[in-house]
2 protein chains.
Amino acid sequence: MASKILLIEDDKNLGDQIVTHLKRDGFEVTWVQDGLAALDTDPKQHDLVVLDLMLPGAHGLDILKIYRETAETPVLVLSARNETSTKVRALALGADDYVTKPFWPEELLARIQARLRRPLLHASDVIETGALRIDLSARVVENAGQRVDLTRIEFDLLAALGQRIGSAVTRQTLVDRVLDPDREGTGRTLDVHFSRVRKKLGSEGARIATVWGVGYRLLPS
Amino acid sequence: MASKILLIEDDKNLGDQIVTHLKRDGFEVTWVQDGLAALDTDPKQHDLVVLDLMLPGAHGLDILKIYRETAETPVLVLSARNETSTKVRALALGADDYVTKPFWPEELLARIQARLRRPLLHASDVIETGALRIDLSARVVENAGQRVDLTRIEFDLLAALGQRIGSAVTRQTLVDRVLDPDREGTGRTLDVHFSRVRKKLGSEGARIATVWGVGYRLLPS
DNA sequence: CTGAACCTTAAGTCTGCCTGAAGGTGAGAT
DNA sequence: ATCTCACCTTCAGGCAGACTTAAGGTTCAG
């Protein structure tokens, strides 16, 4: 399976050159040319990000920071700046490598491959709130340390609420996200599932609150 | 726990300086000053290796190659040579990073930390859980001390689950990782293999749980 | 070339999840 | 208070996904 690379680089010449090289080596490349577009792209959909620091729209380090809040995708920073302080900052923010321009494409390739060589450790992103523990990557829910068996939809619904603790999530959002995306928001299916989740969660189930006429939300502990 | 760094560097001044910096940052450092001594040191006993290329006794790249035959420890190469070809060779041989002299200690530190940030998938090559013992390097499985003969795919599937005990592993992941990487997740092939693994594992086979609509997981003992 | 071990596909069966219906409950409106 | 409508819960039917067996194809050693 070809690895998917997200390239964020505003320089047309350099970007073109990199894309060509990467494609020649069998990578699938998505090329984004400014900071705002980068923020609209999901790093999780890619295996590695090559990120230029000087960008129109948003600074590379800010993009890196935002990416790191949601994804563990390795980020290789590209920059003309050779100051140690910039390198240190980028690496401290979660960059996995830092390459100074100018560079030879071969080196970039070699470094990309070195990053991809190590199997991605899924950051087990875990939501802990009250007695609940929702491990999104393992798809495991614990209530006061006790494992709770949830079906696929039940888990996804709980996770959807858990990712926005305290805020209401509309029925339509939940239907779109967990059930068939092209389905009318009607029907009592959602209710049935939540009913079961509440029951399975015991006393913690009471924390799934109905927002009348809107949807549901998970009450903060 | 302090991370253990193995420093292989013959230059006394530079070595001293690096050791000082690393210790100040809480690392435990073993400093080895020539190639032969490096070959007598076990990289597996350390969390990361900082390896100079020009050494008396043995060339750094040879050391890297030998280390890579037995250990997965990250290796950060240090060198005065700035040629792309050397960098590419080092990275292709399994180095995880390449820093050109001269450098500021801060950069080295930041890069070391970037490497250590991503924990290795498995600290040891042996997974023990319940009555199961999965030796990843020997590719041997024992159930209550009894050897179990698994085929290549059967072993890889069990290992894939064993490396993330308790986590659901999606069908697609398993197909990508164990079967042909570019194949559709459809088909019953996985099921057939798991069916056989379960049977061969006897009562422990029950610990391979189906995650309906998602994949499989190895239940914690 | 032959046989054995292994992988894959196909087919039949089974299981457990999803969902719509229906009656009950309770919140909000008047 | 009472009405209304959204929501809760139970239940059973249907079906997608999973299990297992068998057979055909592939690979590899001898």
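In what follows, chains carry the letters A, B, and so on, assigned in the order in which the sequence lines appear, proteins first and then strands, with residues in each chain numbered from 1. Computed from a predicted structure; not experimentally measured.
In this structure, A:Arg171 atom CZ and D:dC8 atom C1' are separated by 11 Å, rounded to whole Å. In this entry the distance linking CZ of B:Arg198 with C1' of C:dT15 reads 12 Å, nearest Å. Here the C1' atom of nucleotide C:dA10 and the CG atom of B:Leu190 are 16 Å apart, to the nearest Å. Between A:Leu174 atom CG and D:dC7 atom C1' there is a gap of 14 Å when expressed in whole angstrom units. Regarding B:His193, its NE2 atom lies at a distance of 16 Å from the P atom of D:dA18, rounded to whole Å. The distance between atom CG of B:Leu157 and atom C1' of C:dT8, rounded to the nearest whole Å, is 14 Å. Put simply, CG on B:Asp156 is 9 Å from P on C:dC7, counting in whole angstrom units. The interatomic distance linking B:Asp149 (CG) with C:dC7 (P) rounds to 12 Å, in whole Å.
The side chain of B:Thr210 contributes no N or O atom lying less than 4.0 Å from OP1 or OP2 of D:dG17. A:Lys199 has no side-chain polar atom (N or O) that falls below the 4.0 Å cut-off from OP1 or OP2 of D:dC8. Of the side-chain N and O atoms in A:Tyr216, one or more sit less than 4.0 angstrom from OP1 or OP2 of D:dC8.
Between A:Arg139 and A:Asp135 there is no salt bridge, since no side-chain N of the basic residue sits under 4.0 Å from a carboxylate O of the acidic one. A:Asp62 and A:Lys65 are not joined by a salt bridge, as no carboxylate oxygen comes within less than 4.0 angstrom of a charged side-chain nitrogen. Ionic pairing of A:Arg68 and A:Asp96 is present here: one or more N-O contacts between side-chain nitrogen and carboxylate oxygen are shorter than 4.0 angstrom. A salt bridge links B:Asp97 with B:Arg111: the distance from a Lys NZ or Arg NE/NH1/NH2 to an Asp or Glu carboxylate oxygen falls below 4.0 Å.
Toward the 5' end of DNA chain C, the nearer of the two residues B:Leu150 and B:Trp212, judged by each one's closest nucleotide, is B:Leu150. If A:Gly215 and B:Gly215 are placed on DNA chain D by their nearest nucleotide, the residue sitting closer to the 5' end is A:Gly215.
Taking only side-chain atoms of B:Arg196, from C-beta outward, the nucleotide of C:dT8, D:dT20, D:dC8 with the closest atom is C:dT8. Counting only heavy atoms from C-beta on, B:Thr151 has its side chain closest to C:dC6 among C:dT19, D:dA18, C:dC6. Between C:dA21, C:dC18, C:dC7, one nucleotide has an atom nearer to the side chain of A:Val192 than all others, and that is C:dA21. Of the candidates D:dT20, D:dT9, C:dC18, D:dT9 carries the atom nearest the A:Asp191 side chain, counting heavy atoms from C-beta on. Closest approach to the A:Leu179 side chain among C:dT19, C:dT9, C:dC18 is made by C:dT19 (side chain taken as heavy atoms from C-beta onward). Of the candidates D:dA18, D:dC7, C:dT8, D:dA18 carries the atom nearest the B:Arg188 side chain, counting heavy atoms from C-beta on.
Between A:Ile18 and the options A:Leu78, A:Asn13, A:Val29, a side-chain contact (heavy atoms from CB on, under 4.5 Å) holds for only A:Leu78.
Across all strands, B:Thr189 comes closer than 4.0 Å to base atoms (heavy-atom distances).
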